[in-house]
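What follows is a short report on a single structure.
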There are 2 protein chains.
Amino acid sequence: MSDLLERLRGRGWRMTSQRRVVAEVLAGDHVHLTADEVHALAAQRLPEISRATVYNALGELVLLGEVIEVSTDGRAKRYDPNAHHPHQHLVCSHCGTIRDVHPTGSPLADLPAEERFGFTVTQIEVTYRGLCPSCA
Amino acid sequence: MSDLLERLRGRGWRMTSQRRVVAEVLAGDHVHLTADEVHALAAQRLPEISRATVYNALGELVLLGEVIEVSTDGRAKRYDPNAHHPHQHLVCSHCGTIRDVHPTGSPLADLPAEERFGFTVTQIEVTYRGLCPSCA
DNA sequence: ATCCTACGATGGACAGAGTCCAAGTCAACC
DNA sequence: GGTTGACTTGGACTCTGTCCATCGTAGGAT
């Protein structure tokens, strides 16, 4: 996690107390937080941090490739710090719980050339939906 | 498309002029309209139709399984009338164009039992992202 | 054909998520 | 310890969607 701070600083990311707190919140074990949840956790350590700053920092972390934006419902985006290990998501349709999963094989192989319409496909997102054990 | 109206009426869907226009707008080309786009198109035929009515009708069509809700960005949901033919989506990261695609094989087979965490998986969404020919 | 009535439509207020901006602050380099 | 330009702030604003009280009407009953 201080790896993260190192990397960011090394890339010329100006280190402010606000950005540090946002990065630390994400690097904790709370996964898939919404921006407001990140803001709430950050505010526990830095009470006057503003929402705009959290949004800015999150957006920059996404651009830097340190965090992935996930939107599994049509509501708030979630921020996934597990950006350096490719994975997909398993979502409970009832309670919204999200788990990282690692399917074998590549879904790209399943898309025939004639179905690509000339696109250069660079990314594939797979969302598995169903009921988790508690909601079943 | 009048198939759609038939089916809806047969299921006891009370047919109002507003609902008819919404259904007809969707039954047009296989595009992926947002609620506001549906509203705009519907309003060309029925100028005083309200946003709330369009949202209501779209929500009911989704519940009836006649239309699928798609959210490929974190922004407005899109409504996909191609609900009776399973398919996935190919999205241009630059201009947002969406195309229906039909991958071979099932990604479910790629999710090992130990990666399912006891979930009962009932639905899988795959989104292929990349650049379309015009944006490349 | 007309009447009834429950279901649907309306539009304006409201809510949630996110963006923008002008003014103030401060991290990093000198 | 200055200087300076990048960062932060908070409030206003946008966009998407929901809610609700009131009004209108589709379709069965007569």
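Every chain is numbered from 1 and lettered A, B, ... according to where its sequence line falls, protein lines coming before strand lines.
- Using modelled atom types, one side-chain atom of B/E115 and one backbone atom of A/H102 make a donor-acceptor pair closer than 3.5 Å.
- Remark: P of D/dA26 and CE of B/M15 are 12 Å apart, rounded to the nearest angstrom.
- Of all nucleotides in DNA chain C, those with any atom nearer than 4.0 Å to a heavy atom of chain B start and finish, going 5' to 3', at C/dA6 to C/dG11.
- Distance CG (B/L8) to P (D/dA26): 17 Å, rounded to an integer number of Å.
- Comparing B/R78 and A/E48 by the nucleotide of DNA chain D that holds the closest heavy atom to each, the one mapping nearer the 5' end is A/E48.
- In this structure, B/R19 atom CZ and D/dA26 atom P are separated by 12 Å, rounded to whole Å.
- The bend of the helix from C/dA1-D/dT30 to C/dC30-D/dG1, defined by the angle between the axes of its first five and last five pairs, stands at 30° to the nearest 10°.
- Panel note: side chain B/R116, backbone B/L111; a donor-acceptor pair is recorded below 3.5 Å.
- When all heavy atoms are compared, the tightest approach of B/S71 to B/K77 is CB-CG, 4.3 Å.
- Proximity of residues 49-76 of chain A to DNA chain C (heavy atom under 4.0 angstrom from any strand atom) is restricted to A/R51, A/A52, A/Y55, A/A76.
- Shortest non-hydrogen contact noted between B/C95 and B/C132 is SG-SG, 3.9 Å.
- Comparing A/S17 and B/L46, the nucleotide of DNA chain C nearest to each residue sits closer to the 5' end for B/L46.
- Residue B/W13 contributes atom CH2, which lies 12 Å from atom P of D/dG27 at whole-angstrom precision.
- If you take CG of B/D36 and C1' of D/dT18, they are 14 Å apart, rounded to a whole angstrom.
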